[in-house]
Amino acid sequence: MQALDPTRRLATFDDLVRLGGDDRAEIHAGDIVVQPSRSPRHQRAARTLASHIGKPFDDDDGSGGPGGWWILLDI
């Protein structure tokens with residue numbers, strides 16, 4: 001594990017706010033990490049897959065599957 005540089009300025013919540021609302025960003029170990037939004041092609045594939053898998057495995061909806069899973073999309 002690397003020691004932190006005591007002169008290094010760590011990112012704050014205010015730094016995230018200054019980025020604006022369109023950036024997907026988090027603070028990890030004092031650094032801001034920005035992730036691009038998923039492409040429309042990726043989003044469509046994820047939605048389609050979740051709809052097929054989700055029916056039997058998501059909350060028990062009477063479709064005969066085991067239920068009890070939560071399938072969440074990070075889009």
Side-chain angles (χ1 to χ4, degrees):
M1 177 182 234
Q2 291 181 337
L4 290 177
D5 179 358
T7 62
R8 179 176 162 236
R9 181 185 171 282
L10 301 178
T12 66
F13 178 74
D14 289 333
D15 296 324
L16 289 178
V17 171
R18 280 192 285 276
L19 288 176
D22 293 337
D23 291 314
R24 296 172 50 126
E26 299 178 0
I27 297 176
H28 289 277
D31 294 321
I32 293 180
V33 178
V34 179
Q35 297 180 356
S37 293
R38 308 303 191 257
S39 71
R41 184 176 180 181
H42 179 274
Q43 291 180 33
R44 183 166 188 249
R47 180 184 50 83
T48 301
L49 183 60
S51 70
H52 288 292
I53 293 174
K55 289 179 184 175
F57 290 100
D58 207 346
D59 291 332
D60 189 9
D61 61 359
S63 64
W69 291 31
W70 287 10
I71 297 176
L72 306 173
L73 301 178
D74 182 22
I75 300 177

**OP:** Answer yes if Ile27 and Leu19 sit in the same cluster of Ile, Leu, Val, Met, Phe, Trp and Tyr residues linked by side chain heavy atoms under 4.5 Å apart, and no otherwise.
**Re:** yes

**OP:** Run the numbers on Arg44 and Arg41 for side-chain contact (heavy atoms from CB on, under 4.5 Å), then give the verdict.
**Re:** CA-CA 5 Å; Arg44 183 166 188 249; Arg41 184 176 180 181; 6.0 Å; no

Subject >> hydrophobic_cluster_shared for Phe13 and Leu10, side chain cutoff 4.5 Å >> reply: no

Original post:
Any Lys/Arg nitrogen of Asp15 or Arg9 sitting under 4.0 Å from an Asp/Glu carboxylate oxygen of the other?
Top reply: yes

Original post:
Any side-chain heavy atom of Arg8 sitting closer than 4.5 Å to one from Asp31?
Top reply: yes

Subject >> Contact summary for Arg24 and Arg38, nearest pair of heavy atoms >> reply: NH2-NH1, 3.6 Å

